[in-house]
2 protein chains.
Amino acid sequence: MFMEPSSPSDMRSHILNEAARLFVIRGYDGISMREIAASCHISKPGLYYYFVDKEDLFLAILESSLEELTALISEATSQPGGTPQKLGFLIHAIFTRLPMERRALIRLAAQEMNKLSPQKRESFSSRYHATFIDGIADILRSGIQKKELRSVDPEMATWAFLGMMYPFFSATGSPRFDETAVVHFLLDTFLNGLSPQTGEQRE
Amino acid sequence: MFMEPSSPSDMRSHILNEAARLFVIRGYDGISMREIAASCHISKPGLYYYFVDKEDLFLAILESSLEELTALISEATSQPGGTPQKLGFLIHAIFTRLPMERRALIRLAAQEMNKLSPQKRESFSSRYHATFIDGIADILRSGIQKKELRSVDPEMATWAFLGMMYPFFSATGSPRFDETAVVHFLLDTFLNGLSPQTGEQRE
DNA sequence: GGCTATTTACCGACCGGTCGGTCAGTACTA
DNA sequence: TAGTACTGACCGACCGGTCGGTAAATAGCC
């Protein structure tokens, strides 16, 4: 009775999945609660039984994505080996452990966060930065400290790192590339660049 | 009498500017024609005097941004020097010749193109790819041919190149960095990567 | 120059439709 | 019989877009 839902009424998670899929395709303003309801084979008030409003539903999706990412980053951070290995692990994990839909969610969070009401946005975005952005920046920072990375602004590098990946997170748009090739290309480019190598390089 | 309007009724371009600013901040679905009208100190029907519908106004903004970009790319392509110089010119031109609002438009086009109706989207996106994406891919391709760049998939590299820049195109969100530093960082990272250099490197 | 006809550049009021959200039920369990 | 998991009907606000109208400038004619 006072235990929290241990089996979270699979309808709730079904809604979460379906709504995430739709938000990714059309954006926050692009789909209506009616469409989400129809896509879940439920009535619109049925949606409001599980979520207090549209924002609440959207936020629940963003939160779960952030949680997932945070777990991946902390796993990458505690990975044995040097910074290149940690970064390689992270890219590899994102592309192989997350289905495309969830990868697209990473982009969605970054792009549509501002659709939230001011207080919720502030709250989410500060957690988003503290765990996700700073988590990656910390890996980069420690790499710089250990001379495994050149001395650059870690936060700037984090945005570039993320930005490089985003085009390959698209549910629709952008072209389809072989994912193993993308994983390798991203890490290689981020670490070694596109200029021909003059000396021996590490990866 | 039969000359076309040489001074394009500065109201039209005022609307274009104002609407672009608003679309960038809130997205295509995020602002209404009423808000655009109010922001231009004009009535809603006044808007429809200049543009047939919302999509037409939006498309006019995207087209002008694409035109601007295309000009920059062709200028970069015909730049003297090697591929690194062409790429350097392009990044530099984007960051110094385009005010932030117009840079944000580049991102807007990529992100919100899909809000267009199917035929318009198809038409715009094919021109977008043919001139903008392929334009950059061609620079990369010729660089690879001339051994000035490592042998990678030029289209994949184009998306990564663009993706790296996008986080720094934000009108609001994302942090503010020193633009000269960003320009240098982006080119340097794209060409040389973040691993410490072992041999001498070219830029 | 004076007079009319037409065009330009808008505006207030309003349309049908959709939005997010609510409320009063109700079928089904425990 | 008390709660859980919903539903159909509905609300006010707002959406993109259109209607009929109009003041001011411009063009054509004498």
Side-chain angles (χ1 to χ4, degrees), chain A residues 1-20 22-23 25-62 112-121, chain B residues 1-20 22-23 25-62 112-121:
Chain A
M1 186 231 195
F2 50 81
M3 71 174 194
E4 38 181 0
S6 56
S7 87
S9 80
D10 55 358
M11 181 51 100
R12 193 187 143 96
S13 54
H14 177 59
I15 294 171
L16 249 9
N17 285 337
E18 208 55 27
L22 294 167
F23 278 134
I25 298 171
R26 313 249 303 268
Y28 182 74
D29 293 320
I31 43 111
S32 64
M33 291 301 263
R34 277 166 184 81
E35 288 175 280
I36 295 171
S39 181
C40 296
H41 310 293
I42 201 183
S43 69
K44 191 157 61 90
L47 244 40
Y48 285 86
Y49 176 76
Y50 293 101
F51 301 95
V52 324
D53 56 21
K54 191 184 184 182
E55 191 175 37
D56 180 52
L57 166 57
F58 188 59
L59 206 53
I61 292 167
L62 298 192
E112 305 268 81
M113 202 191 294
N114 61 125
K115 296 290 171 64
L116 264 20
S117 68
Q119 7 19 326
K120 304 263 185 149
R121 177 179 57 222
Chain B
M1 184 236 195
F2 49 81
M3 72 174 191
E4 42 181 356
S6 55
S7 86
S9 84
D10 55 359
M11 181 51 101
R12 193 187 143 96
S13 54
H14 176 60
I15 294 171
L16 249 9
N17 285 338
E18 208 56 25
L22 294 168
F23 278 134
I25 296 171
R26 315 249 301 269
Y28 182 74
D29 293 320
I31 44 110
S32 66
M33 290 301 264
R34 276 165 185 81
E35 288 175 280
I36 296 172
S39 182
C40 296
H41 309 292
I42 200 183
S43 69
K44 190 156 62 92
L47 243 41
Y48 285 87
Y49 175 77
Y50 292 101
F51 301 96
V52 322
D53 56 21
K54 192 183 185 183
E55 191 175 35
D56 181 52
L57 166 57
F58 188 59
L59 207 51
I61 292 167
L62 297 193
E112 306 267 81
M113 202 190 295
N114 61 124
K115 295 289 172 66
L116 263 21
S117 67
Q119 15 8 331
K120 304 263 185 150
R121 177 180 55 223

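Throughout, a chain's letter reflects where its sequence line sits, starting with A, and its residues are numbered from 1. Treat the numbers as computed from the prediction; the structure is a model and nothing was measured. Only heavy atoms go into these numbers, but all of them, side chains included; no hydrogens, no water, no symmetry mates.
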Quiz item: For B/L16, does its backbone N or O pair with a side-chain atom of B/S13 as donor and acceptor, under 3.5 Å?
Solution: no
Practice problem: Report the distance from atom CZ of A/F51 to atom P of D/dA5, rounded to the nearest whole Å. | Solution: 13 Å
Quiz item: Atom NZ of B/K44 and atom P of D/dG16: how far apart are they, to the nearest Å?
Solution: 7 Å
Quiz item: Whole-Å distance between D/dC19 P and B/Y48 OH?
Solution: 13 Å
Practice problem: Select from A/I42 and B/E55 the residue whose nearest nucleotide in DNA chain D is closer to the 5' end of that strand. | Solution: A/I42
Can you check nucleotides 20-22 of chain D for protein contacts, nitrogen or oxygen pairs under 3.5 Å, and list what you find?
none

Self-check item: Heavy-atom check, side chain of B/R121 versus side chain of B/N114, under 4.5 Å
Solution: yes
Quiz item: Just how far, in rounded Å, is C1' of C/dG12 from CG of B/L47?
Solution: 15 Å
Quiz item: Which one, C/dC19, C/dA9, D/dC6, comes nearest to the side chain of A/Y50?
Solution: D/dC6
Quiz prompt | Validation row: A/L57, A/Y50 side chains within 4.5 angstrom (heavy atoms) | solution = no
Exercise. Kindly assign one of parallel, tilted or perpendicular to the pair B/F58 and B/Y28, based on the angle between their ring planes and the thresholds 30° and 60°.
Key: tilted
Practice problem: Answer with base, sugar-phosphate or nothing: what part of the nucleic acid does A/I31 contact at a heavy-atom distance below 4.0 Å? | Solution: sugar-phosphate
Exercise. Report the distance from atom CD1 of B/I15 to atom C1' of C/dA9, rounded to the nearest whole Å.
Key: 11 Å
Practice problem: Just call it for B/I36: base, sugar-phosphate, or nothing, with non-hydrogen atoms closer than 4.0 Å on any strand. | Solution: nothing
Quiz item: Of all the nucleotides listed (D/dG17, C/dG20, C/dA9), which has the minimum atom distance to the side chain of B/Y49?
Solution: C/dA9
Practice problem: Please round to the nearest 0.5 Å and tell me the distance separating atom NZ of B/K54 and atom CE of B/M33. | Solution: 7.5 Å
Exercise. Mind calculating the distance between NZ (A/K54) and P (D/dA13) to the nearest angstrom?
Key: 19 Å
Quiz item: How many Å lie between CG on A/D53 and P on C/dC19, as a whole number?
Solution: 17 Å
Practice problem: To the nearest Å, give me how far apart OH (A/Y28) and P (C/dC19) are. | Solution: 13 Å
Quiz prompt | Approximate separation, where rounding is to 0.5 Å, of B/L47 CG and B/R34 CZ | solution = 11.0 Å
Quiz prompt | Nearest to side-chain heavy atoms of B/M11, which nucleotide of D/dG16, D/dC11, C/dC10 | solution = C/dC10
Quiz item: Stepwise, does the side-chain contact (heavy atoms from CB on, under 4.5 Å) test hold for B/E55 with B/L116?
Solution: CA-CA 7 Å; B/E55 191 175 35; B/L116 263 21; 3.7 Å; yes
Practice problem: Would you classify A/S43 as touching base, sugar-phosphate or nothing, given that sugar-phosphate means primed atoms plus P, OP1 and OP2, and contacts are heavy atoms under 4.0 Å? | Solution: base
